[in-house]
2 protein chains.
Amino acid sequence: MTVPTADSDIKASPMHAHCQTCRLNSLCLPLALRLDDLEDFDAIIRRRAPLKRGETLLDPRTPFHHVFAVRCGSLKQQVVHAEGEERVTHFYLPGELVGLEGVAGDGHPGTITALETTALCEIPFDRLDVLSAQLPALRRELYRCMSRDIRDDRYLHCRLAGHTAEARLAGFMLDLGYRFQRCGLSATRFRLPMSRIDIGSHLGLAVETISRLISRFQQAELLHVARREVTLLAPERLAGIARGAPIGERADA
Amino acid sequence: MTVPTADSDIKASPMHAHCQTCRLNSLCLPLALRLDDLEDFDAIIRRRAPLKRGETLLDPRTPFHHVFAVRCGSLKQQVVHAEGEERVTHFYLPGELVGLEGVAGDGHPGTITALETTALCEIPFDRLDVLSAQLPALRRELYRCMSRDIRDDRYLHCRLAGHTAEARLAGFMLDLGYRFQRCGLSATRFRLPMSRIDIGSHLGLAVETISRLISRFQQAELLHVARREVTLLAPERLAGIARGAPIGERADA
DNA sequence: CGAACCCTTGAGCATGATCAAAGTCCGTGG
DNA sequence: CCACGGACTTTGATCATGCTCAAGGGTTCG
């Protein structure tokens, strides 16, 4: 089944992912597995056909059977709040697990949609559960993943409840950078996968406010944004703003 | 201490809790365990001396070894956001698990403090982990607990990012009632364990705003509050407000 | 080439923060 | 038992942040 190095076997069993060769295997679930355990894990997961932009992975009516690992691309989760009104509650980046909220039963709390072309590994939760009984490292890693999600939500709570719009957006940008760094990309130069509308919905701010803030941040030389390409020019100052400091004026040329 | 009828060994080991006789055993971790499995679980947990109001259970420097189940009383979690400024990120009520954010390592994200006299069961996570390998029902219940926390945080996100202060407070009150109901109390009549200051910090609103809103809700006959005793008079209308509806005027006598 | 959709910028307005000052409840100790 | 101190709560007045409405420009995709 599993194979040493090359892509040769990928063609042979195109529906199976292979964790051994996955660029993200140091972030994803099998993190702590020994090589032979990895094969057991590898055997239960399935590579799905990539989702295209705007396609939905699951919604509240989807019965819960799988969790997913993002291999590349990104997704958003939206929860219907009032009629017609949706909030973006979460963004998923490469190496992150999707669908853990569904384990509790009673369906998924929201709709999860691809923001761009997105490849996922599909992991049947029943088999993951059984395997986790046999592999302590896997089990603990799964506990850790869920725990980290809870912890991250606590920090997010701080950012949302923290007053100013400036602080929220600054914190959001830094968090994105941090998460891109986790999957091997730059923490200071990246491409926003989501629209300003999504950012606004996520942070509880109007689109116009997001737009104005980005302009103001650029004037203050905190970051540079062209279309959706972002460069964080002064992460420390952004961190200060996220904690409530005022926007310092730009050095002025 | 509490036990009338059954096992004689209970007096022998007063520091051990006994899940079989716990009023909350239908909510807490052993939910799905058979009686003999329950004894295994029972053997690893320890009843702690109750915390008094204001005493802290753990803080970011506490090494992670245990999770806790609230037997009675309540706690709050605070995370330092900016210097000197703290946000209340979570309240813990009876039957809920405390400390799951710590599993991921790198310490707990905040300080957890008792809001009133609070009794807890202390569960060593290492032993829980090992036991969960042997008891599928326990393992799945643990997954479920963590999953539910994540899901609840998504809903909380909606409430926080949803605009008006009215909607936030209405949603908060309903959520509290729902959680009290889960542990066998009334969903519409309960005692607030936390101060208005804590509520404000949790919802990202000024204390004054909380106070004014409570007054306004009372005028509209949505609820009745005396000191910290709350009666929800019109839960459906509150639910409407939480979704963004305006406050209807009171029927007027 | 047109049509969505997304993004930006402007002007006026309302919600909730801030500052200020009573009033209330509680535990503590006289 | 009552008086005191401290923390919590309520209410009022003013002000600023960020929302709403409105319109113009850009990009992408069929």
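Chain letters run A, B, ... following the sequence lines, proteins first, then strands; residues in each count from 1. Values in this document were obtained by computation on a predicted structure and should not be read as measured data.
Within a 6.0 Å sphere centred on CZ of B/Arg189, other residues, nucleotides and ligands contribute 12 heavy atoms or fewer.
Within the 4.0 angstrom heavy-atom criterion, base atoms lie near A/Arg212. Within 4.0 Å (heavy atoms only), B/Ser211 reaches at least one base atom of the nucleic acid. Residue-level contact check: B/Ile214 touches neither bases nor backbone, having no heavy atom under 4.0 Å from any strand. If you check every strand for non-hydrogen atoms under 4.0 Å, B/Arg168 touches nothing. At a threshold of 4.0 angstrom between heavy atoms, the contacts of A/Leu205 are confined to the sugar-phosphate backbone, with no base atom among them. When heavy atoms are screened at a 4.0 angstrom cut-off, B/Gly204 is found touching the sugar-phosphate backbone but no base atom.
Distance CD (B/Glu116) to P (C/dC26): 14 Å, rounded to an integer number of Å. Atom P of nucleotide D/dT20 and atom CD1 of A/Ile210 are separated by 13 Å, given to the nearest angstrom. What separates CE of B/Met194 from C1' of D/dC8 is a distance of 15 Å, to the nearest Å. The distance between atom CD of B/Gln218 and atom C1' of D/dT11, rounded to the nearest whole Å, is 14 Å. Distance B/Glu208 CD to D/dT9 P: 12 Å, rounded to the nearest Å. For the pair A/Phe217 CZ and C/dT9 P, the interatomic distance rounds to 15 Å; values are reported in whole Å. What separates CG of B/Leu213 from P of D/dT9 is a distance of 14 Å, to the nearest Å. If you measure from atom CG of A/Leu160 to atom P of D/dG18, you get 14 Å, rounded to the nearest angstrom.
Contact check, A/Arg228 against C/dC6: no side-chain N or O comes under 4.0 Å of OP1 or OP2. Phosphate proximity of D/dC8 to B/Arg196: absent, as no side-chain N or O sits under 4.0 Å from OP1 or OP2.
At a threshold of 4.5 Å between non-hydrogen side-chain atoms, the residues B/His202 and B/Leu156 count as touching.
Both A/Thr209 and B/Val225 sit near DNA chain D, but only B/Val225 has its closest nucleotide nearer the 5' end.
Within the 3.5 Å criterion, the main-chain N or O of B/Gln77 finds a donor-acceptor partner in the side chain of B/Thr89.
The side chain of A/Ser215 lies closest to C/dT9, out of C/dC7, D/dG18, C/dT9. In the set C/dT9, D/dC19, C/dC7, D/dC19 carries the atom at the smallest distance from any side-chain atom of A/Ala206. In the set C/dC7, D/dG18, D/dT9, the nucleotide with an atom closest to the side chain of B/Ser195 is D/dT9.
The side chain to side chain contact (heavy atoms under 4.5 Å, CB included) test with B/Phe68 is passed by exactly one of B/Leu97, B/Leu75, B/Leu58: B/Leu58.
A salt bridge does not link A/Glu116 with A/Arg53: every distance from a Lys NZ or Arg NE/NH1/NH2 to an Asp or Glu carboxylate oxygen is 4.0 Å or more.
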